[in-house]
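Encoded as structure tokens, the structure appears first; notes follow it.
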Protein chains: 2
Amino acid sequence: MGSGPAAGPRRASTRSVTLRDVAARAGVSSQTVSRVLRIPEEVAPHTRERVEAAIRESGYVPNLAARNLASNRSKIVATVIPALGSELFSETLTGLSAVLSPEGYQLLLGYTDYDDEREEDLIRSLLGRRPDGICLTGTVHRESTVAMLRTAGVPVVETWDWTDSPVDTLVGFSNERAMYAMVSFLHESGYREPCFVGSLLAGDHRSLRRLAGFRRAVNAFRPGREPRVVDASEYPLTLESGALLLDTARRAQPEADVLVFSTDVLACGALLAAGSTGVRVPGDIALTGFGDFELSRMVRPGLTTVSLPNARIGREAAALLLRRMRGGSSAASALDLGFEIRPREST
Amino acid sequence: MGSGPAAGPRRASTRSVTLRDVAARAGVSSQTVSRVLRIPEEVAPHTRERVEAAIRESGYVPNLAARNLASNRSKIVATVIPALGSELFSETLTGLSAVLSPEGYQLLLGYTDYDDEREEDLIRSLLGRRPDGICLTGTVHRESTVAMLRTAGVPVVETWDWTDSPVDTLVGFSNERAMYAMVSFLHESGYREPCFVGSLLAGDHRSLRRLAGFRRAVNAFRPGREPRVVDASEYPLTLESGALLLDTARRAQPEADVLVFSTDVLACGALLAAGSTGVRVPGDIALTGFGDFELSRMVRPGLTTVSLPNARIGREAAALLLRRMRGGSSAASALDLGFEIRPREST
DNA sequence: AGCGCTGCCGTTAGCGCTATCATCGCTCTC
DNA sequence: GAGAGCGATGATAGCGCTAACGGCAGCGCT
């Protein structure tokens, strides 16, 4: 018992089962246990069975932090979205996860609340886990954020928008062109006084790109006209806000013949409010959305909107990351998944 | 240049900036850099400034996997939800994140798709990161899952339901009592032939608890009657399914006077479909939901439903985990946040 | 003067795992 | 039948970080 002066371990251990414990139980070296876990075909069947039994009996769960440190691969994909609640982003997330989970990757998630500074802090903190890949929403980021990502040298995929100079890879569509197409469609349908209703928040880059498309279209089809715009920055992205905005916009822009919302959430809210307050759509005013939520096609009148490849963005982004993480083509790739105008009864 | 036989490092390093690099640049030991990061007040101001400058200049980002391994704390909270898309769970997630992020915790997310086996696999894989805490949805899990969690010895909080024997801590409400209260309310309102419409999937435990509450209520208020039930297991949780189920249920249970949906998604879908097909609500048939989505109060007629503390569940669960992770009270705690019946025009 | 204390910083020894090499018995070949 | 070749396993040295302790000034106190 009388052990030496510096007896006892210097540090308390995890108290959880380790490779070494399993190895002792199976009567092999810890290296062999590690091999059973990672490359079972290189272990003799007889040994493998003994080790697998020991793993089962002891309830061993590998410590991925240790594995990460030793192997320099984390099996983590960090994912940044603007907000958790959105129907569209959650479908993208589902697509991402559906492709990455089977490959053993885990999603480390964070949201920015449409704030570029929060995005940078978030990415910095996520980089601490040394993710094998990063999936971002949007193509506009602070310069310092991009520098950080470049320094980290991690595969990145940007989504949900378009740019000619992606950080690394890109899967999305052009919000600007989509909105242009919508206004173009409205013009063809005879609408002459469209009014954009959406957030002009500095951090909501997708909405701003849509506004840019709107402006370009108005300049093209109604040269010389000042584009009508109602700023919805003060309103959260809820149906309720859409209801309020219907009223606000009709008062602010009484001559508008169609309200072009930057997102289906607001448009649906307006549509529902119109139904309950007796405003006829499209008789008194036409409405359009952006995103093609399920609600938009269930509500009466159906909402004219832009359908986006939300789930596909997730799957393709995951596929691209996978290729990249496996050390595939170092050439940057960009994938434009396009969009589709969905005419319904609201116009 | 002819170096020795065992020349060169045995292993390639991360290639990223390490503590040691920063220490060399600042002319201190790596331990001092570590201290600046974790307990800056114990470092002399003069030294601290030099180190902070070195950190900034080198763009150092701490490797959290290494920190995790050395300190035996991961600053990760693993979160398990049934599905990503649901409005309610995402509000809970937002609440969780809002409380945990400022404390430096990151969310590791996974979803089960309402499958207990997937839940177990998911939790096993999440445990590999040695999370400091785990947040689960629901109170029903496989025995082996519970055993695994107990062995891991990690703080756990279960949410969104109620049980007398939680794994560890609990934040939720009783789905069973909530549905009982709903049927009780309907009975008082004069409805005598309620019909439950919802998923009976083995993995959707919340829905099953609601069904149990429904059955108990029918037995209490209409003794001897066989409770009317329409199984929606075949349908995904979408508005579209609700629309189809309105038709199915009215055909299968023509004498029902109120359709009691297990969730607002389906109820809203039915309500919208009723509007477009000329079925009068509540004239021809009354409808109720469960969850109080935003849509439920915006649609006409408004949907009678049960309001749940979705965001609060997240915040309280986070608070409980925080206390637990700081080594607080080891006594198990359970928090019942209740529910509220929201009568609207659909009944 | 000598003692103990405190504040600051460095040294040492791991955390649990994997990469890389070394080793050991085999079989195969000429 | 000796060396080459190979498959299976073990030994060793880290990955980047932190906990625990050691050491050393500078200070106040008796």
Side-chain angles (χ1 to χ4, degrees), chain A residues 4-24 26-51 55 58 60-75 127-130 152, chain B residues 4-24 26-51 55 58 60-75 127-130 152:
Chain A
R10 198 147 178 185
R11 152 124 34 138
S13 96
T14 323
R15 230 24 193 138
S16 79
V17 185
T18 72
L19 260 195
R20 207 191 306 279
D21 299 332
V22 177
V28 297
S29 76
S30 58
Q31 186 52 233
T32 299
V33 180
S34 173
R35 260 190 288 258
V36 169
L37 257 29
R38 293 174 301 118
I39 31 176
E41 65 277 11
E42 284 190 17
V43 178
H46 174 71
T47 318
R48 181 164 66 206
E49 277 159 32
R50 271 214 332 274
V51 172
I55 290 175
S58 59
Y60 170 69
V61 179
N63 184 326
L64 300 184
R67 172 176 293 180
N68 180 182
L69 194 59
S71 69
N72 201 19
R73 305 188 322 125
S74 62
K75 284 285 186 175
L127 279 178
R129 303 276 168 200
R130 300 294 186 269
Chain B
R10 197 142 181 190
R11 153 125 31 138
S13 94
T14 322
R15 228 29 190 135
S16 78
V17 185
T18 72
L19 260 194
R20 207 190 308 277
D21 299 332
V22 178
V28 297
S29 76
S30 60
Q31 185 53 236
T32 298
V33 180
S34 173
R35 261 191 286 259
V36 168
L37 257 30
R38 294 174 300 117
I39 32 176
E41 63 278 11
E42 284 189 17
V43 178
H46 173 71
T47 317
R48 182 163 66 207
E49 277 160 31
R50 271 215 332 275
V51 171
I55 291 177
S58 59
Y60 171 67
V61 179
N63 184 326
L64 299 184
R67 173 177 290 180
N68 180 184
L69 194 59
S71 69
N72 201 19
R73 302 187 324 125
S74 61
K75 284 284 187 173
L127 279 177
R129 303 277 169 199
R130 300 294 187 268

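Naming: A, B, ... by sequence-line order, numbering from 1 per chain.
The listed nucleotides are dT18(C), dC17(D), dC15(C); the one nearest the side chain of Thr18(B) is dC17(D). Distance from the side chain of Gln31(B) is smallest to dA19(D) among dA11(D), dA19(D), dC15(C).
The side-chain hydrogen bond (donor to acceptor under 3.5 Å, both in side chains) check on Ser58(B) picks up nothing, with sequence neighbours excluded. Under the rule for a side-chain hydrogen bond (donor to acceptor under 3.5 Å, both in side chains), the partners of Arg129(B) that lie at least two apart in sequence or sit in another chain are Gln106(A). Partners of Arg48(A) according to the side chain to side chain contact (heavy atoms under 4.5 Å, CB included) rule, which considers only residues two or more places apart in sequence or in another chain, are Val36(A), Pro40(A), Val43(A), Glu52(A). Partners of Arg35(B) by side-chain hydrogen bond (donor to acceptor under 3.5 Å, both in side chains), not counting sequence neighbours: none found. For the side-chain hydrogen bond (donor to acceptor under 3.5 Å, both in side chains) test, residues two or more places apart in sequence or in another chain that qualify with Arg38(B) are Ser34(B).
Proximity of a side-chain donor or acceptor of Ser30(A) to a complementary backbone N or O of Leu19(A) within less than 3.5 Å is not detected.
Separating the CG atom of Leu19(A) from the C1' atom of dG10(D) is a distance of 14 Å, rounded to the nearest angstrom. Atom CZ in Arg20(A) sits about 10 Å away from atom C1' in dC15(C), given to the nearest Å. Here the P atom of nucleotide dC17(D) and the CZ atom of Arg73(B) are 16 Å apart, to the nearest Å. Taking atom CZ on Arg38(A) and atom C1' on dT18(C), their separation rounds to 5 Å, with Å as the unit. Separating the CG atom of Leu64(B) from the C1' atom of dC15(D) is a distance of 15 Å, rounded to the nearest angstrom. For Asn72(A) and dC17(D), the CG to C1' distance is 14 Å, given to the nearest whole Å. Whole-Å rounding puts the Asn68(B) CG to dC15(C) C1' distance at 9 Å. The CZ atom of Arg130(A) sits 14 Å away from the P atom of dC15(D) (whole-angstrom rounding).
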Polar-atom pairs under 3.5 Å, protein N or O versus N or O of nucleotides 5-9 of chain C: list them with distances, or write none.
from: dC9(C); atom 1: OP1; to: Thr47(B); atom 2: OG1; distance (Å): 2.3
from: dC9(C); atom 1: OP2; to: Ala44(B); atom 2: N; distance (Å): 2.9

